[in-house]
Amino acid sequence: MITFTLNGTEVTSAMPPASRLLDSLREEFGLTGTKEGCGEGECGACAVLIDGLLVNACLVALGSIAGQSIVTIEGYRGTERFRVLDEAYMKAGAVQCGICTPGMILASEALLSENPNPSPEDVRIGLAGNLCRCTGYNMIVKAVLDAAREGAGLW
Amino acid sequence: MVAQNKPETLAEALRIRAAEHVVVYAGGTDIMVDHDPHANFLFINGISSLKHIEDRGDHLLIGAGVTYAELLRSDIVPELLKRSIVEIAAPALKNIATLGGNICNASPLADTPPVLSLYDTTLILEKTGSMREMRMDDFMLGLKNIDLKQDELLTYIKIPKKDFTDIYYEKIAQRKAASISKISFAAAATVQAGLVRTFRFAFGSISKTPLRLPELENMVEGRPLHEVKADADRIVALADEKIETRDGKRSTGAYRKKVALRMIRDFIGTLGQTDS
Ligand SMILES: Cc1cc2nc3c(=O)[nH]c(=O)nc-3n(C[C@H](O)[C@H](O)[C@H](O)COP(=O)(O)OP(=O)(O)OC[C@H]3O[C@@H](n4cnc5c(N)ncnc54)[C@H](O)[C@@H]3O)c2cc1C
Ligand code: FES
Ligand code: FES
C-alpha cells in the first residue's frame with residue numbers, strides 16, 4: 001500500500017509499487033485528465049507535478065512517490081493561475097484536439113513558477129518535452145506569453 | 001503490509017540491498033521505459049544524504065541521487081558537465097533523472113560519462129560496513145554492464161577539480177529535447193604561457209564506453225600551442241587511424257567518423273583563446 005497526497009488529499013493506492021503512477025491516476029483514482037501519449041517519457045501528455053516539479057507520470061513507479069505530493073490537472077483546475085492559463089490558451093487558439101493540453105498547462109505552470117517573465121525562447125525550452133500534433137506550437141507559445149502578462153504577480 | 005522499499009537512510013537502503021533481490025530505482029527514467037510491473041524496486045530517491053553537492057577542496061562530491069535540474073542550478077558544478085546536461089531531454093526528465101542513473105545505466109549513448117571521464121572521475125561504491133573507490137572508466141563496461149556487486153550501491157561521484165582553460169562540447173542529435181545522440185564530443189585543455197599542458201577529449205556514442213585516445217593526448221601535451229596548431233593535420237590523421245566507427249541505427253559509421261574528425265580539428269582551432 002502506497003500512501004501519498006493527491007491534489008491535496010491523502011490517498012492510499014492498492015496497486016503494486018512498480019505500477020506506473022499514470023495507471024494509478026487514471027484507473028484507480030479516475031483522474032483521466034492525465035493522458036497517455038507515448039508511454040516512454042517523450043511526449044509530456046502524462047505530465048503531473050510532484051512536490052511542485054514537472055514529471056512525466058508514465059516514467060514514475062508508484063512506490064517512488066510514497067509520502068510525496070502529486071498535483072494533476074484536476075487539482076490544478078481550482079487555482080487562479082489555471083484560470084489565467086485556461087483563458088490565454090482559449091483566446092490564442094492553443095487547443096485543438098486537446099490531448100496535449102493538460103500536460104502543456106502543467107508545463108506552463110512549472111515554467112512560469114520558475115520564470116514569471118519568459119522570452120519566447122524560454123517558453124519553447126520550457127515546453128520542449130511536450131509534443132502537440134495539432135497546433136504547430138506558435139499559438140501555445142503565444143498563450144503562455146499572454147498568460148505571463150495577464151497574470152502578472154500570480155507567479 | 002508489503003514492504004515499501006523507500007528508505008530514508010543509506011544504512012537502511014544498504015540493508016535491503018543485501019537482504020533482497022532488488023532493482024535499484026533512482027529517477028526511474030531508464031528502467032521505466034521497458035517497464036516491468038512486477039519488479040521489486042529499491043527506491044533510493046528518498047535518501048537525502050545522496051542529494052548533496054559538496055565542495056571538498058580538491059574535488060566535488062556529488063551524491064548519486066542528485067538530479068540534472070539540481071546540477072544545473074548549482075554554481076560549483078563544472079561548466080563542461082552542465083553543457084552536456086543542458087542538452088539532455090526536457091524539464092520533466094531533468095527534474096528526476098540522476099547522475100548516478102546515467103552512469104549505472106552505462107549506455108554508450110549517455111551524455112555525462114564522456115565529460116566525467118575527462119575529469120578523471122572516481123566513484124564511491126558502498127555496501128553495509130565497507131566502501132571502495134574506483135575510476136569511472138573502469139566501472140563502466142558497456143550497456144547495463146557495470147562493476148557493481150549485488151549488495152552495493154553507487155553513493156557518490158567524485159570529480160577532481162581541474163585547471164582547464166579551454167572546454168568544448170558538441171552533441172549531434174536529431175531533435176534537441178528527446179535527443180538520443182548520434183555522437184557527442186567533450187574536450188578540455190589547459191593552455192598556459194603558450195604551452196598546451198593538458199589536452200584531452202572523449203567521444204560518446206562511438207564505442208561501448210567513452211572513447212579517449214591517450215596516445216593522442218600524449219602527442220599534444222607539453223608542446224607549444226603554435227606547434228600543436230600547425231600539426232593539426234597529423235593529429236587528425238592519427239585520430240583517423242585510432243577511431244573505429246560502425247554503422248549504427250541512427251547514422252552510418254562513415255558519417256560519424258567524418259564528424260568526429262571535424263570536431264577534433266575544430267577544438268584544436270579554438271585552443272588558447274583565453275591564454276594571454
Ligand atoms: C525521453 C528520454 C530522453 C532521454 N534523453 C537522454 C539524453 O539525451 N542523454 C542521456 O544521457 N540520457 C537520456 N535519457 C536516459 C536517462 O534519462 C538517463 O540515463 C538518466 O540519467 C537515468 O537516471 P535515472 O536516475 O532516471 O536512472 P534509473 O532509471 O533510476 O536507473 C538507471 C540504471 O542505473 C541503476 N542505478 C541507478 N542509480 C543507482 C545507484 N545509485 N547505485 C546502483 N545502481 C543504480 C538502476 O538500477 C538502473 O539499472 C533519456 C531518457 C528518456 C526517457
Ligand atoms: S505518455 Fe508519458 S511522456 Fe508520453
Ligand atoms: S491540441 Fe492536439 S495534440 Fe496538441
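The sequence lines fix the lettering, A, B, ..., with proteins before strands; numbering per chain opens at 1. Note that the structure is predicted; figures quoted are calculated from it, not measured.
- In this structure, chain B has heavy atoms under 4.5 Å from both the backbone and the side chain of Ala61(A).
- In this structure, chain A has a heavy atom under 4.5 Å from the backbone of Asp36(B), while its side chain stays farther away.
- Side-chain contact check for Tyr89(A) and Ser108(A): at least one donor-acceptor pair (N or O, by modelled atom type) lies under 3.5 Å.
- Looking at Ile50(A), neither its backbone nor its side chain comes within 4.5 Å of chain B, counting heavy atoms on both sides.
- Shown here are the salt bridge (charged side-chain N to carboxylate O under 4.0 Å, His left out) partners of Glu54(B), two or more places apart in sequence or in another chain: Arg56(B).
- Proximity to chain B (any heavy atom under 4.5 Å) is shown, for Leu106(A), by neither the backbone nor the side chain.
- Between chain A and the options Ile96(B), Asp34(B), Val33(B), Asn45(B), the largest number of non-hydrogen pairs under 4.5 Å is found for Asn45(B).
- Taking the charged nitrogens against the carboxylate oxygens, Lys91(A) and Asp146(A) have no contact shorter than 4.0 Å, which rules out a salt bridge.
- Using cut-offs of 30° and 60° for the angle between ring planes, the Phe203(B) and Phe185(B) rings count as tilted.
- Note: Ala66(A) leads Ala66(A), Gly67(A), Gly103(A) in heavy-atom pairs under 4.5 Å with chain B.
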**Item:** Arg15(B) vs Glu12(B), salt bridge (charged side-chain N to carboxylate O under 4.0 Å, His left out): CA-CA, chis, key distance, verdict
**Value:** CA-CA 5 Å; Arg15(B) 190 195 62 73; Glu12(B) 175 64 1; 3.0 Å; yes

